[in-house]
Number of protein chains: 2
Amino acid sequence: MIEADVSQLSELGNYSGSLSDRVYHAIRDAILSLRFAPGVVIRKAPICERLQVSRSPVADALRRLSEDGLVDIVPQSATRVSKLSLRVIREQSFLREALELAAVARAAELRSEQQLARLARNMRHQRFLVEDLDFAEFYKFDEEFHDLIFECCDISLLAPTVESVSLQVQRARLLLLPEPGRTADTVDEHDAIFAAIREQNPAAAVNAMRSHLRQLIKRLEPLERERPEMFTT
Amino acid sequence: MIEADVSQLSELGNYSGSLSDRVYHAIRDAILSLRFAPGVVIRKAPICERLQVSRSPVADALRRLSEDGLVDIVPQSATRVSKLSLRVIREQSFLREALELAAVARAAELRSEQQLARLARNMRHQRFLVEDLDFAEFYKFDEEFHDLIFECCDISLLAPTVESVSLQVQRARLLLLPEPGRTADTVDEHDAIFAAIREQNPAAAVNAMRSHLRQLIKRLEPLERERPEMFTT
DNA sequence: ACTATCATACTAACATGTTAGTTGACTTAA
DNA sequence: TTAAGTCAACTAACATGTTAGTATGATAGT
């Protein structure tokens, strides 16, 4: 029955939009970064005090997070940060893989020269940042790489959707980040995907993307044994 | 600036869960069934009066619907039922196709005899209902057919996800229902998919599923010209 | 007649008071 | 000692009052 440490919440000034939006993102970031540990109880009152807002935007934010599957609300009782579930992560990965494979196959067929140029520019940034060991910035370009592939096949509206359905995965990925050399490997995998798109070879693109995405679930499975307190039984 | 006709809302007694949940589903059903037409303005006050609830659960429900993409909220101003967008529908269909093709391929490989039996039973129901012209009931078994395929490859948690991401599609589908003979064709298409799963032939299953799903978008495109007032420009 | 400005009315967003359901501890009886 | 029953404290859910931002329409100035 451990309680979330509200001092881990960022100030609202770091976010934009309505009060509800800002509270939502502040709590969301705390959960996704594991500063709010899986399983801890979230109380509204301390959050209101910490962020200097009333209960309305906080209640609203928590309802939205419960739809994202990041918190579990027990009616009339309590709200807590949801635990990780290998089952959920596996299913979310299945969806993500299905979509990204279909996308990359089409991207390899349809990409324009301009889109290819943007991918090439993104790859240059990636290589640069990995040498610089700037992981936070690298993470942004990793996301952009996948978004650019969506743009190649005209499905950029799905980028936020696939993000919202991969939230559990995102949280789990953080536990794997410290692995040395992983980012360098990631760039190599992206490079293989990029090359296949450049050569307009859909089959190769699919294979490269598949082995890239399967790295995650492969690395994740040993984790349940290492950190059982974070997972549902 | 036409206003939604709140008398089209079902009584809350037809639903279960919290007050917010019930209000959410009542409005959602009205939108998905097109009783709330795309583009009309939704006012909170008449809804509160009609359903005999306060503004809180209504505001909550509308926020959730805006996340589903079924209503557009203009801050401090107005809320209206979102219009259909061929772009959104096309992208949602892309996601759905990617997922269902990956699922059916795996289902054809992995399905147990028991799962096959459940699919067979569902097919028998479908044929029966189509002869009876019971479209509402048929619709349920259509959905169950796809859900059963998800179960074959252990991704049943994704069923609600794919539903929530196909809401625009669902609304559009209603406009196509009156086409004569469509349900009979649907059963034939399902039968082809079922046969491929029975024979454990993934490639055939994928092809059958693809031509099944593409029926929708094919029939939808002429619709934008017929009913332009329902679509965004 | 046309445009710019301002007042008014209306809305969603936010704050806060109230209700009802759940939990867990304490008591009491077997 | 343990099991059941009761009660107090706490929670989310709901109701309602308040604030602030937006749109519309009237009016005044050109």
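Predicted model, so just to flag it, every value in this text is computed and none were measured. All chains are named by letter (A, B, ...) in the order of the sequence lines, taking the proteins before the strands, and each is independently numbered beginning at 1.
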For [X] and [N], give me the distance from atom [atom1] to atom [atom2], rounded to whole Å.
X     : N      : atom1 : atom2 : result
B:R64 : C:dA12 : CZ    : C1'   : 18 Å
B:I47 : C:dA12 : CD1   : P     : 9 Å
B:I42 : C:dT11 : CD1   : C1'   : 14 Å
B:L51 : D:dA15 : CG    : C1'   : 15 Å
A:D60 : D:dA13 : CG    : P     : 12 Å
A:R55 : C:dA13 : CZ    : C1'   : 15 Å
B:D72 : D:dT22 : CG    : P     : 17 Å
B:Q52 : D:dA15 : CD    : C1'   : 13 Å

Under-3.5 Å donor-acceptor pair between B:S56 side chain and D:dA15 base |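 Between D:dA15 and B:S56, which were checked side chain against base, a qualifying N/O pair under 3.5 Å is present.
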Could you tell me whether the side chains of A:R173 and A:Q170 share a donor-acceptor contact shorter than 3.5 Å?
-> no
Would you indicate, yes or no, if [N] has its OP1 or OP2 atom less than 4.0 angstrom from a side-chain nitrogen or oxygen of [X]?
X     : N      : result
A:S77 : D:dC10 : no
B:S54 : D:dA15 : yes
A:K44 : D:dA12 : yes
A:R43 : D:dT11 : yes
A:S20 : C:dA13 : no

If you check every side-chain atom of B:V53, which of C:dA13, C:dA15, D:dA15 has the closest atom?
-> D:dA15
With the side chain defined as heavy atoms from C-beta on, A:I73 is closest, among D:dC14, C:dC14, D:dA13, to D:dA13
Using the closest heavy atom to pick a nucleotide of DNA chain C for each, name whichever of A:D21 or A:V74 lands nearer the 5' end.
->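 Result of the comparison: A:D21.
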Starting at the 5' end of DNA chain C and moving along, which residue's nearest nucleotide shows up first, A:P57 or A:Q76?
-> A:P57
Gap between atom CD1 of B:I89 and atom CD of B:Q92 - 0.5 Å precision |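 So the gap between those two atoms works out to 7.5 Å.
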Are any non-hydrogen side-chain atoms of B:R63 and A:D60 less than 4.5 angstrom apart?
-> yes
Using the six-membered ring of A:Y24, assess whether NZ or CZ of A:R64 lies under 6.0 Å from its centre and within 45 degrees of the ring axis.
-> yes
Look at the aromatic rings of B:H212 and B:H190 and report parallel, tilted or perpendicular, splitting at 30° and 60°.
-> perpendicular
